[in-house]
Amino acid sequence: MGQIQIIVEGMTASGKSTIVNLISQKLGFKVMPEEFRDPLDLLGRFHHETRWAFPMQLNFLVTRFAQYLCASEEDNYILDRSIFGDKVYAMMYYRDGYFKDSQLGCYLTLYDSLLRYVKPPKLLILVKCPFEEIMRRIHDRGRQDEIDAGEDYWRRLYEAYTPFLEFMKNEIQGDFNFLELDLSNPKFIETPSMIEKFLNDVKNFFPERNFN
């Protein structure tokens with residue numbers, strides 16, 4: 001397996017897709033399609049019945065590994081979330097009681113097996129945003145399954161994502177390049193100077209590429 005170029009991580013509504021599209025449009029990276037991620041709408045089912053948590057996470061794990069594998073075949077892909085972020089969700093669901101011990105064991109066995117074939121990305125971009133702003137965005141975009149999940153669910157996920165860099169260090173067990181981006185300012189995407197600084201920061205991790 002080759003090395004994927006960029007992964008953008010962060011919790012739901014933190015601004016990941018905005019950053020992925022910005023980098024794709026301005027720096028020429030290709031976005032790995034995600035339409036095959038959840039063909040059975042397991043996510044939608046989970047938001048109504050938590051018993052779907054285990055099959056949902058197994059499905060996400062396998063399809064995100066497939067995405068990672070496909071994206072690493074070329075040196076031009078950016079990926080919105082990854083196999084690493086999937087484990088954050090799985091561990092939270094186990095703590096919430098949605099997984100049985102045996103189910104977690106099954107998940108971790110598969111995760112560890114797949115991780116042996118995964119190289120860390122050339123750059124990890126961790127998108128951060130205050131919880132209050134994330135909740136505002138969730139309500140503004142009006143996806144009913146997200147709204148129905150409730151504020152307590154999103155707060156638990158927010159807390160689970162807070163130590164993500166330390167989590168990555170444990171998973172990879174080595175050094176990796178990362179960039180933290182604070183998207184607490186909703187005007188970021190409308191502010192050219194902020195965008196330019198961010199894009200220049202990204203470029204610095206790819207001195208071999210021609211971005212002209």
Side-chain angles (χ1 to χ4, degrees), residues 7-22 34 37-38 40-61 63-64 67 79-108 111 121 124-172 176 178-189 194 198:
I7 289 174
V8 180
E9 281 282 0
M11 74 165 285
T12 302
S14 60
K16 296 188 310 300
S17 297
T18 296
I19 296 306
V20 167
N21 292 331
L22 176 65
E34 294 184 322
R37 174 188 289 181
D38 188 14
L40 301 177
D41 191 30
L42 293 169
L43 177 61
R45 297 183 186 197
F46 163 72
H47 280 309
H48 292 92
E49 293 183 82
T50 58
R51 67 188 180 93
W52 291 100
F54 179 61
M56 175 186 69
Q57 285 309 126
L58 283 184
N59 179 67
F60 280 175
L61 178 61
T63 56
R64 283 177 179 144
Q67 285 180 293
L79 192 61
D80 182 344
R81 195 171 285 155
S82 70
I83 185 175
F84 300 106
D86 192 76
K87 187 178 178 181
V88 174
Y89 283 79
M91 297 307 297
M92 184 186 79
Y93 294 151
Y94 174 70
R95 291 191 297 270
D96 287 349
Y98 303 160
F99 282 14
K100 298 177 182 178
D101 289 347
S102 59
Q103 292 174 325
L104 179 66
C106 177
Y107 176 91
L108 293 178
Y111 175 88
L124 165 71
I125 299 175
L126 179 59
V127 179
K128 306 177 88 172
C129 187
F131 179 73
E132 293 74 16
E133 175 63 15
I134 283 174
M135 289 308 304
R136 185 191 66 79
R137 294 174 185 178
I138 285 174
H139 284 281
D140 281 356
R141 66 190 191 180
R143 298 176 186 173
Q144 197 59 47
D145 57 346
E146 293 181 351
I147 295 173
D148 290 345
E151 184 171 326
D152 287 344
Y153 169 82
W154 295 117
R155 187 174 294 280
R156 295 196 305 275
L157 181 58
Y158 184 84
E159 293 171 352
Y161 252 105
T162 298
F164 189 79
L165 286 179
E166 289 301 316
F167 162 80
M168 281 291 291
K169 292 175 183 177
N170 291 330
E171 297 301 293
I172 293 174
F176 62 97
F178 67 88
L179 182 62
E180 292 185 86
L181 178 62
D182 181 358
L183 283 189
S184 56
N185 186 347
K187 298 294 185 180
F188 171 87
I189 202 63
M194 298 176 68
F198 167 68

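The figures here come from the full heavy-atom set of this structure, side chains too, leaving out hydrogens, waters and symmetry mates.
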S.K.: For the backbone of Glu146 and the side chain of Trp154, can you confirm whether one donor and one acceptor N or O come within less than 3.5 Å of each other?
M.R.: yes

S.K.: Tell me whether the rings of Tyr161 and Tyr89 are parallel (<30°), tilted (30 to 60°) or perpendicular (>60°).
M.R.: perpendicular

S.K.: Is the side chain of Asn59 donor-acceptor paired with the backbone N or O of Pro55 at a distance under 3.5 Å, no angle test?
M.R.: no

S.K.: Return the OG to CZ distance between Ser14 and Arg81, rounded to the nearest 0.5 Å.
M.R.: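 Answer rounded to 0.5 Å: 7.5 Å.
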
S.K.: Which pair of non-hydrogen atoms, one from Tyr107 and one from Gln57, has the smallest distance, and what is that distance?
M.R.: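 Between these two residues, the closest heavy atoms are CE1-O, 3.9 Å.
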
S.K.: Report the relative orientation of the aromatic rings in Phe99 and Phe54; use parallel for angles under 30°, tilted for 30 to 60°, perpendicular for over 60°.
M.R.: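 Because their plane-to-plane angle is over 60°, the rings of Phe99 and Phe54 count as perpendicular.
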
S.K.: Hey, does the side chain of Asp96 reach the backbone of Tyr98 with a donor-acceptor pair shorter than 3.5 angstrom?
M.R.: no

S.K.: Can Arg137 and Glu133 be said to form a salt bridge (Lys or Arg N to Asp or Glu O under 4.0 Å), step by step?
M.R.: CA-CA 6 Å; Arg137 294 174 185 178; Glu133 175 63 15; 2.9 Å; yes

S.K.: Are side-chain N/O atoms of Glu171 and Tyr111 paired as donor and acceptor at under 3.5 Å?
M.R.: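 Distance-only check passes for Glu171 and Tyr111.
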
S.K.: Tell me whether the rings of Tyr153 and Tyr93 are parallel (<30°), tilted (30 to 60°) or perpendicular (>60°).
M.R.: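 Rings of Tyr153 and Tyr93: parallel, as their planes differ by under 30°.
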
S.K.: Calculate, to the nearest 0.5 Å, the distance between atoms CG and OG1 belonging to Leu157 and Thr12 respectively.
M.R.: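 With rounding to 0.5 Å, CG (Leu157) is 5.5 Å from OG1 (Thr12).
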
S.K.: Indicate yes or no: does Glu166 engage Lys169 in a salt bridge with an N to O separation below 4.0 Å.
M.R.: yes

S.K.: What's the spacing between Met135 CE and Ile147 CD1 if we round to 0.5 Å?
M.R.: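 Nearest 0.5 Å value for the CE-CD1 distance: 8.5 Å.
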
